[in-house]
Amino acid sequence: MASGPPIKLYNTLTNSVEELQLEHPGRLAFYSCGPTVYSYAHIGNFRSFLTADLLFRLARTLGLEVTYVTNITDVGHLTEDDAADADGEDRMAKALQSKEGERFANVWDLARYYTGALLQDWSALNLLEPTVRPRATEHMREQIQAVETLLEKGHAYETEQGIYFSVASFPEYGKLSGNINADALDQEVREVVSDPDKRDPRDFALWKKDAKHLMQWYSPWGWGFPGWHIECSVMANRYLGETLDLHAGGEDLTFPHHECEIAQSEAISGKPFAKHWVHTRFLQVEGQKMSKSLGNFLTVRELTSSKDEGGWGVDALALRMALMSGHYRKPFNFTKATLKASVKHRERIAAAIQLLEQAEGDGPDRLGERLEGLYDRIQQALCDDLNTPEALTAVIEGLKLIHGMSKGLNRASADAGVAWLNHVNDLLGIIHPETPEATETEEDPEAAGIEALLRERTEARESRDFARADAIREQLTSMGIEIMDSAEGSTWKRRSSIG
RNA sequence: GGCGACGUGGCCGAGUGGCUAGGCAAGGGUCUGCAAAACCCUGUACGGCGGUUCGAGUCCGCCCGUCGCCUCCA
């Protein structure tokens, strides 16, 4: 159906902006690396998932048939890829021992819990469900088979402690990250190798033998668990075939994760693994790197849960908007000011929707044509290396058009406005929630009391007792409630105030 | 040391060599019993130094600075 401009994206593989090339015309095979579920995902994780979501939405609106795969890593991998000692801890094991981990019976339970939390936050941010969301633990057989194949083809070798990929057997190793010169890599770090039988410091684990690990599977090499990189190679191949059109993830994954994926997959298939690589930059919070020690580790639930629950009380779609207010490839500084601006924009959107719903009267559509032009601009901006700031600007211009028409807004124009907002939402997901979780609106526990006061104030206004009316306004304001008077009556809402 | 991204007005941020980006914040105004919302008006920025050009925020060179990866991390 729909068609539009070609999608141009920066390709890490070539260090240049290129048109997305499809292996099969009309179809997009897209893989995006998901998180390890050992704690709540933070907004940095979600910025990267959001990049994938926008690409998915964009491709769909352009009429492509998209297979969008994003995994859940529910295996606790080694904290250091090289550390192959049998007592080596992994992140899940660590999480289990931490204070938050006390309530879980075992790592499986912990993984289950944080998977659930991830899916909730995913919906709250209006991230669409992928076509397939595979889990590492459910693809163990394929992972073992892949390791066997690599051994058979001479790309891997076995030691007492595990199976390693032989980087020397894959000359193109380094083509994604530019880490071509092994000798130039920091030797101090590289020499922290616990397996003396590893042949090359660059070699990475495909399988680790460990009969004591909290998660273990039986393999031709005994009990153990898979290396971190192999799961993505396997799941991508299983659902998308040998060559992907597009592979995305956070910038930190470029090396070693994606580099190793390429090595494994191409060593097995002999074909290019992915033609286009997109990496989302890390975000900072108030100018600082986000880290637990700095206490600026922001999760979606912390920002979106109500103030009574200790959260910031931010509208989830405003958070989504804030996360796309910077370009995915530029350093992004997440600040309260940005969030505030996004909250404001969301309020404008809500006001516009109300306006459109109330519009009546005959007359020609005086909005549709101009809005369509803006839709094209949004789509073009996204096709141009996912220029979300430019896209948001066009959205705001559209809102301005709608608001600016308030008096002449007849039904036909309003219908065009509603249609436009829906189309914008298909592309950006910032207009209204599309998932059941996000649609649920909780009844405000104080609603009855507030409405009683509001009625009292209305009566006071009708009898022109403005002193009384203002006193009630004051009282509600101190409760964090804002009242809006209009010809149709008075309404209220909780004031959104950040910091 | 290697690889890469980036430096625009108080803040965020777009920008194809020549024509007002836009937003948030601020100030002023219209409307409103008051307020909110909405709308209108105001503010001349492009890290530094050279170069190319009739003309550079936009191209080239050098310098300075910020950030990321190279080690678990989205």
Side-chain angles (χ1 to χ4, degrees), chain A residues 10 12 15 32-36 38 41-52 77-83 89-91 94 174 176-181 183-190 192 228 248-257 259 279-284 287 289-291 322 325-327 329-345 347-348 350-352 354-355 381 384 387-397 399-400 402-407 461 464-467 469-470 473-474 477 482-487 490-493 495:
Chain A
Y10 185 88
T12 311
N15 286 332
S32 168
C33 279
T36 303
Y38 66 105
H42 51 72
I43 57 171
N45 296 314
F46 277 103
R47 184 168 186 241
S48 153
F49 306 153
L50 178 59
T51 301
H77 292 292
L78 299 171
T79 48
E80 278 173 51
D81 198 49
D82 287 340
E89 276 188 318
D90 67 52
R91 280 185 288 153
K94 269 189 185 163
L176 181 70
S177 62
N179 291 328
I180 294 165
N181 189 349
D183 302 329
L185 292 176
D186 192 327
Q187 282 302 317
E188 264 182 59
V189 175
R190 287 275 150 178
V192 189
W228 173 36
E251 65 168 329
D252 58 311
L253 296 180
T254 309
F255 190 90
H257 187 54
E259 196 72 74
H279 292 100
T280 304
R281 275 208 75 147
F282 272 23
L283 61 71
Q284 293 182 280
K289 181 170 173 141
M290 189 163 60
S291 74
S325 70
H327 186 76
R329 215 150 52 72
K330 274 193 181 176
F332 180 71
N333 188 13
F334 184 87
T335 63
K336 280 181 184 173
T338 304
L339 201 50
K340 259 185 176 172
S342 298
V343 167
K344 189 115 201 206
H345 290 139
E347 285 171 355
R348 271 172 74 79
Q354 213 176 7
L355 210 62
D384 183 14
N387 191 341
T388 48
E390 168 67 13
L392 289 179
T393 295
V395 173
I396 289 163
E397 271 186 41
L399 293 175
K400 209 166 182 173
I402 293 169
H403 280 298
M405 283 200 81
S406 51
K407 280 175 192 162
R461 288 179 71 214
R464 308 201 57 86
D465 180 359
F466 294 125
D470 289 349
R473 175 192 287 283
E474 193 110 338
T477 302
E482 196 170 275
I483 329 171
M484 289 80 64
D485 296 331
S486 76
S490 301
T491 54
W492 65 277
K493 67 174 180 188
R495 220 186 29 229

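All chains are named by letter (A, B, ...) in the order of the sequence lines, taking the proteins before the strands, and each is independently numbered beginning at 1. None of these values were measured; they are calculated from a predicted model.
- When each of rC12(B), rA38(B), rA5(B) is scored by its nearest atom to the side-chain atoms of Thr338(A), the top-ranked nucleotide is rC12(B).
- Interface remark: the Arg329(A) side chain does not form any donor-acceptor pair with the rC6(B) base, using a distance-only criterion of under 3.5 Å.
- Nearest-nucleotide positions on RNA chain B for Gly249(A) and Glu397(A) put Glu397(A) closer to the 5' end.
- Atom C1' of rG50(B) sits at a distance of 45 Å from the matching atom of rC72(B), rounded to the whole Å.
- Listed pair Lys330(A) / rG7(B) meets the phosphate criterion, a side-chain N or O lying under 4.0 Å from OP1 or OP2.
- One interatomic measurement links the two molecules: CG of Leu253(A) to P of rA74(B), which rounds to 7 Å at whole-angstrom precision.
- At a cut-off of 3.5 angstrom, counting only N and O atoms as typed in the model, there is no donor on one side facing an acceptor on the other between the side-chain of Asp252(A) and the base of rG68(B).
- Comparing rG68(B), rA35(B), rG4(B) by their nearest atom to the side chain of Asn15(A) picks out rG4(B).
- A gap of 42 Å separates the C1' atoms of rG43(B) and rC3(B), to the nearest Å.
- For rA37(B), the OP1/OP2 oxygens have no side-chain nitrogen or oxygen of Lys493(A) closer than 4.0 Å.
- When each of rA21(B), rG23(B), rG33(B) is scored by its nearest atom to the side-chain atoms of Ala469(A), the top-ranked nucleotide is rG33(B).
- With rA35(B), rC39(B), rA74(B) as the candidates, the nucleotide lying closest to the side chain of His403(A) is rC39(B).
- Considering only side-chain atoms of Lys289(A), the nucleotide from rA74(B), rA36(B), rC69(B) that sits closest is rC69(B).
- Listed nucleotides: rA36(B), rA74(B), rG68(B). Nearest to the side chain of Ser48(A): rA74(B).
- Contact annotation for His345(A): backbone-only contact, meaning every heavy-atom pair under 4.0 Å involves sugar-phosphate atoms and none involves a base.
- Base pairing in RNA chain B yields stems of at least 3 consecutive Watson-Crick or G-U pairs, both distances under 3.5 Å, namely B:1-7 with B:64-70, B:10-12 with B:22-24, B:26-30 with B:38-42, B:47-51 with B:59-63.
- Nucleic acid contact class of Glu482(A) (heavy atoms, under 4.0 Å, all strands): sugar-phosphate only.
- Looking at the side chain of Pro389(A), the nearest of the listed nucleotides rA5(B), rG23(B), rA14(B) is rA14(B).
- Under 4.0 angstrom from either OP1 or OP2 of rC39(B) there lies at least one side-chain N or O belonging to Arg348(A).
- Within the 4.0 Å cut-off from OP1 or OP2 of rC73(B), at least one side-chain nitrogen or oxygen of Trp228(A) is found.
- One can place CG of Leu283(A) at 12 Å from P of rG13(B), the figure rounded to the nearest angstrom.
- With hydrogens and angles ignored, no donor-acceptor pair closer than 3.5 Å exists between the side chain of Arg47(A) and the base of rA74(B).
- Between the CD atom of Glu347(A) and the P atom of rA25(B) there is a distance of 10 Å, rounded to whole Å.
- For a distance-only test at 3.5 Å, the side chain of Arg461(A) qualifies as a donor-acceptor partner of the base of rG33(B).
- Taking 4.0 angstrom as the limit, Lys340(A) places none of its side-chain polar atoms (N or O) nearer than this to OP1 or OP2 of rC12(B).
- Considering only the side chain of Asn45(A), rA74(B) comes nearest among rA37(B), rC6(B), rA74(B).
- Comparing rG13(B), rA36(B), rA5(B) by their nearest atom to the side chain of Arg281(A) picks out rA5(B).
- Using a 4.0 Å heavy-atom distance criterion, Ser177(A) is classed as a sugar-phosphate-only contact.
- In this structure, the nucleotide among rA14(B), rC73(B), rA37(B) sitting nearest to the side chain of Asn387(A) is rA14(B).
- Side-chain N/O atoms of Tyr10(A) include one lying less than 4.0 angstrom from OP1 or OP2 on rA5(B).
- Taking atom NZ of Lys336(A) as the reference point, atom P of rA25(B) lies 16 Å away to the nearest angstrom.
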